[in-house]
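Heads up, the thing below is written out as structure tokens.
Reminder, nothing fancy here: chain letters follow the sequence lines and each chain counts from 1. Keep in mind that the numbers below use all heavy atoms, side chains included, and drop hydrogens, waters and symmetry copies.
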Amino acid sequence: MIDPKLLRSDLEQVIANLARRGSNALDRDAFVNAEERRKTLQVETENLRKSRNESAKAIGMAKAKGEDIAPLLAAQKTAGETLANHEAELQSVTSQLQEIQLGLPNLLDADVPEGLSEDDNVEIRRWGEPAEFSFPVKDHIELGETLSGIDFESASKLSGARFAVLRGGIASLQRALIQFMLDLHINEHGYTEVYVPYLVQAPALEGTGQLPKFAEDLFRLEDERGFYLIPTAEVPVTNLVRDQILAADQLPLQFVAHTPCFRSEAGSYGQDTRGMIRQHQFEKVELVHVVAPDESAATLERLTAHAETVLQKLELPYRVVALCAGDVGFGAAKTYDIEVWLPGQQKYREISSCSNYRDFQARRMGARWRDGQGNKPELVHTLNGSGVAAGRALIAIIENYQQADGSIAVPAVLQPYLGGKAVISV
RNA sequence: GGAGAGAUGGCUGAGUGGUCGAAAGCGCUCCCCUGCUAAGGGAGUAUGGGUUAAUAGCCCAUCGAGGGUUCGAAUCCCUCUCUCUCCGCCA
């Protein structure tokens, strides 16, 4: 959520910032009207409560002295009805405002590039050179089928489109990748591994920003408890600090978690329908940071570097792009995407997205910290990034490490995880 | 799944329907005393919101959550959630 105080004190600045995204989510008149009603009603309601409280005390004291309290009670009853009306009205305005605010995307950082579509994203740097192949390159679909390692047909029998069954060396390769990434982040980047639920309830998803606006992207269980399948580990991991006031010496928190991710992909019909790029279920290693506010900008750079290290160690060519205003996700203030080279598509494709949410999620979750200087608690900043998406990393390895005979060379850093195996073949 | 107990401030733990945002203890902060240490004395110490130039005052709300009864609820009633104990079942 955007700071409600900022909405009141400098609405024009907020509107201008949201306009950079191409968003007109904030209806100025509707907001101003609701806010004015809220203000009037809240003051009136509180004053009514004040006099209700005072009268109730007076009645108590009169009763203690044995005086006749009947007339006082009658007056109080009428006042109580007026109060109840005010409270109901205030409640309705408040939830109206709340609804408006939950629907607003985050404010963008000043250095987010202008632009409305992904064409305006700005490449920041490249690492590695796409390899030259001395034979016709195949994509992961063909390679996977040849190796009997990726089986879309079986998956569709079980679950329909956008699922894959992995077998043999390819399945092991994905597991090795996950293990490698976890170890890297734990041992070299100082993350704490967490294991979290894959089913969460609505408040957690509201905390990170998927709800109420993006319900159609989620899978929901037909269960009276209202479970949702997590679309990313960001949801359960970031919500670990929900409703907490952290001490200064507890920050920064750096969590890494491997989880499956579940996405309905409603509205992505026709996109990446072939292959493993866009699936309903995929594996991901996620990095989450909870930091003091003045650390978050620098943390985004470190977080991105941690994800890049994965690709460097796997020797996969990639580039980093800064998402432009229109492409930055709902809750993020700034995002870097890491795109890995896919020879089969002759394109860079997203394999990680690293974002600074600033206090957007923290405000929704009530995640705060004390600076230790005796000041009041203030909101923490949260960040997250894929470190990296395992399914897509698997594709990248298959395509970049393919050999003339259709086998896949195993990247050196993964070989220890596969019992020293150097090649995956039929 | 069955039976029972519980949920109060950073922690422990009182609380009769009325002046209770809440005793007391511990912890913490500041001050005083004491030539180290130990001990002692005093003051302060929740969160959110409104108003405001103000992190000054003043006001409102909050005793697991949500409803209800009442002039008035931490206290009474209902529903839910979570925790603990016992039984059953299970990886």
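- Heavy-atom nearest nucleotides on RNA chain B were determined for A:Arg370 and for A:Gln76, and the one closer to the 5' end corresponds to A:Arg370.
- Atom CD of A:Glu99 has 12 or fewer heavy atoms from other residues, nucleotides or ligands within 6.0 Å.
- Separating the C1' atom of B:rU8 from that of B:rU47 is a span of 14 Å, rounded to the nearest Å.
- If you check every strand for non-hydrogen atoms under 4.0 Å, A:Glu46 touches a base.
- B:rU62 sits 14 Å from B:rU19 when the P atoms are compared, rounded to a whole Å.
- Comparing the P positions of B:rA61 and B:rG1 gives an interatomic distance of 39 Å, to the nearest angstrom.
- With both ends at atom C1', the span from B:rA65 to B:rC82 equals 10 Å, rounded to whole Å.
- Put simply, chain A comes within 4.0 Å of RNA chain B, heavy atom to any atom, from B:rG18 to B:rG72, going 5' to 3'.
- For the C1' atom pair drawn from B:rC76 and B:rC63, the interatomic distance equals 16 Å after rounding to whole Å.
- Sequence order on RNA chain B of the closest nucleotides to A:Arg38 and A:Leu72 puts A:Arg38 first from the 5' end.
- Comparing the P positions of B:rC20 and B:rC33 gives a spacing of 35 Å, expressed to the nearest Å.
- In RNA chain B, the stems built from three or more successive Watson-Crick or G-U pairs (distances below 3.5 Å) are B:1-7 with B:81-87, B:10-12 with B:24-26, B:27-32 with B:40-45, B:46-51 with B:57-62, B:64-68 with B:76-80.
- Rounded to the nearest 0.5 angstrom, A:Ser51 OG and A:Leu83 CG are separated by 8.0 Å.
- Sorted by first and then second residue, the ring-ring contact (aromatic ring centres under 6.0 Å, His included) pairs with a member in residues 281-303 of chain A read A:Tyr191-A:His289; sequence neighbours excluded.
- Atom name C1', nucleotides B:rG50 and B:rU45: the rounded distance is 24 Å, in whole Å.
- Using a 4.0 Å heavy-atom cutoff across all strands shown, A:Ile59 reaches at least one base atom of the nucleic acid.
- For residues 349-383 of chain A, the pairs satisfying ring-ring contact (aromatic ring centres under 6.0 Å, His included) are A:Phe330-A:Phe360, with sequence neighbours left out.
- At a threshold of 4.0 angstrom between heavy atoms, the contacts of A:Asn53 are confined to the sugar-phosphate backbone, with no base atom among them.
- The stretch residues 282-293 of chain A participates, sequence neighbours left out, in these salt bridge (charged side-chain N to carboxylate O under 4.0 Å, His left out) pairs: A:Lys284-A:Glu286.
- Listed by chain and residue number, nothing satisfies the salt bridge (Lys or Arg N to Asp or Glu O under 4.0 Å) test with A:Glu295 (two or more places apart in sequence, or in another chain).
- When the options A:Leu246, A:Leu383, A:Asn384 are evaluated for a side chain to side chain contact (heavy atoms under 4.5 Å, CB included) with A:Val290, the one that passes is A:Leu246.
- At a threshold of 4.0 angstrom between heavy atoms, the contacts of A:Lys63 include nucleobase atoms, whether or not backbone atoms are also involved.
- Residues A:Asp109 and A:Lys334 are not paired through a salt bridge, judged by the lack of any N-O separation under 4.0 Å between the basic side chain and the carboxylate.
- Comment: A:Glu188 engages A:Lys313 in a salt bridge, judged by a side-chain N to carboxylate O separation of less than 4.0 angstrom.
- Distance noted for atom C1' between B:rG9 and B:rG57: 24 Å (whole Å).
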